[in-house]
Amino acid sequence: VSIKEKMRAAVLEGVNRLEVRMIEKPQVKDADDVLLKVNLCSICGTDVHILNGTFQANVGIALGHEIIGTVEKTGYGVTKFRKGDRLIIEPNIYCGKCHYCLIDMNNQCENMVSVGVHINGGFAEYCMVKERVCHKVNDRLPEEAAVFAEPLACVLGGIKKIRPMTGESALLIGAGPIALMYLQLLKANGVKPLIVSEIKEERRRKAMELGADYSINPVEEDLETFVKGIVPYGVDYAIDAVGSQSGAACKAVRKKGKVLLFGLDMKAELKIPQRLITLNEINIMGTYIDDATFPLSVQILENNMIDVKAVTSHILPLDQIHEGIELMKKGESLKVLVKP
Ligand SMILES: [Zn+2]
Ligand SMILES: [Zn+2]
């Protein structure tokens, strides 16, 4: 008779139902298994979408995909890592066989299995992952920074698409954690002026602290007028980190400007005069998850090139995860980290 080991986890039980309870602790079976003791796992907008029922996930699994963990045990075939190593993971496991994987577009894999969405994730004491999705971080990198590897890799996926040039101008719509990472990377690339549009005053102040040149509350002032008062022809690019602001972004860019759509609002529809895009030759680009950007993300964090502490507002124990999710829903927090 074997006694199954248990662990605490925050399990998805249905729409708006996340329950912290005991589940079976995963056991190393396959050659390439890596069992991580989770140090930290941050709450993502995607977790909020899952709980709202607007993003499909499997009921009965532990959520959480932004993970930093310490290796507890490895399968016999694992050669890159050993017990005690600290790893961040790529949560989106591509199949390597579908059309998109074969043309080197892994992030569009048709059979994607995501940790914390389809299989057990990091809002748990332990998490089982495969060797090929792990990246080691150095001993000097605090776990509170390492946990940003996944969201930063996604932000870098977008940066890779717009390819900012020194001296170009940008508008950021939203000033949540993702937008504040874009802000810092654009600033590091010498983009100026950087204009931030955000409803919440607290977040506008944070954006200014992190180096934004201008900020505006789009409810109080007209965004297009404001932007063109600073950059008469319009900005070189606009990034929508909200998920429903494509129209505002298209109006703010110059002719042949770029619009990057990062935020995800499942109900948002494009509502802009189409001629604006045609006549002004605007480039609208979607960007989804990472784009082979994990190694770069780790490098940026290890070199302390962005301030992630400024983007963090709470560190909560697993039992208080609901509080963290409520804060995220209200947009009153920045990044919320959970310590299982
Ligand atoms: Zn995420
Ligand atoms: Zn695939």
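All values below were derived from every heavy atom in this structure, side-chain atoms included, with hydrogens, water molecules and symmetry-related copies excluded. We're numbering straight along the sequence, starting at 1. For ligands, and for the atoms within them, numbers begin at 1 and follow the listed sequence.
Take Glu125 and apply the side-chain contact (heavy atoms from CB on, under 4.5 Å) test, not counting sequence neighbours, and it matches Met7, Arg8. In terms of the ring-ring contact (aromatic ring centres under 6.0 Å, His included) criterion, residue partners of His135 (sequence neighbours excluded) are, by chain and number, Phe294.
Its N, O or S atom nearest to the Zn ion (ligand 1) is what matters here, and for Glu66 that atom is OE2.
One of the N, O or S atoms belonging to His65 lies under 2.8 Å away from the Zn ion (ligand 1).
In summary, of the residues considered (Glu323, Gln320, His314, Glu326), a side-chain contact (heavy atoms from CB on, under 4.5 Å) with Val336 occurs for His314 alone.
Of the inter-residue distances, the one linking Glu281 atom CD with Arg254 atom CZ reads 11.0 Å to the nearest 0.5 angstrom.
The six-membered or imidazole ring of Phe262 lies away from that of Tyr288, with a centre-to-centre distance of 6.0 Å or more.
Applying the salt bridge (Lys or Arg N to Asp or Glu O under 4.0 Å) rule to pairs touching residues 257-270 yields nothing, sequence neighbours excluded.
Counting only protein N, O or S atoms closer than 2.8 Å to the Zn ion (ligand 2) gives 4.
A donor and an acceptor atom, one from each side chain of Asn39 and Thr70, are located under 3.5 Å apart.
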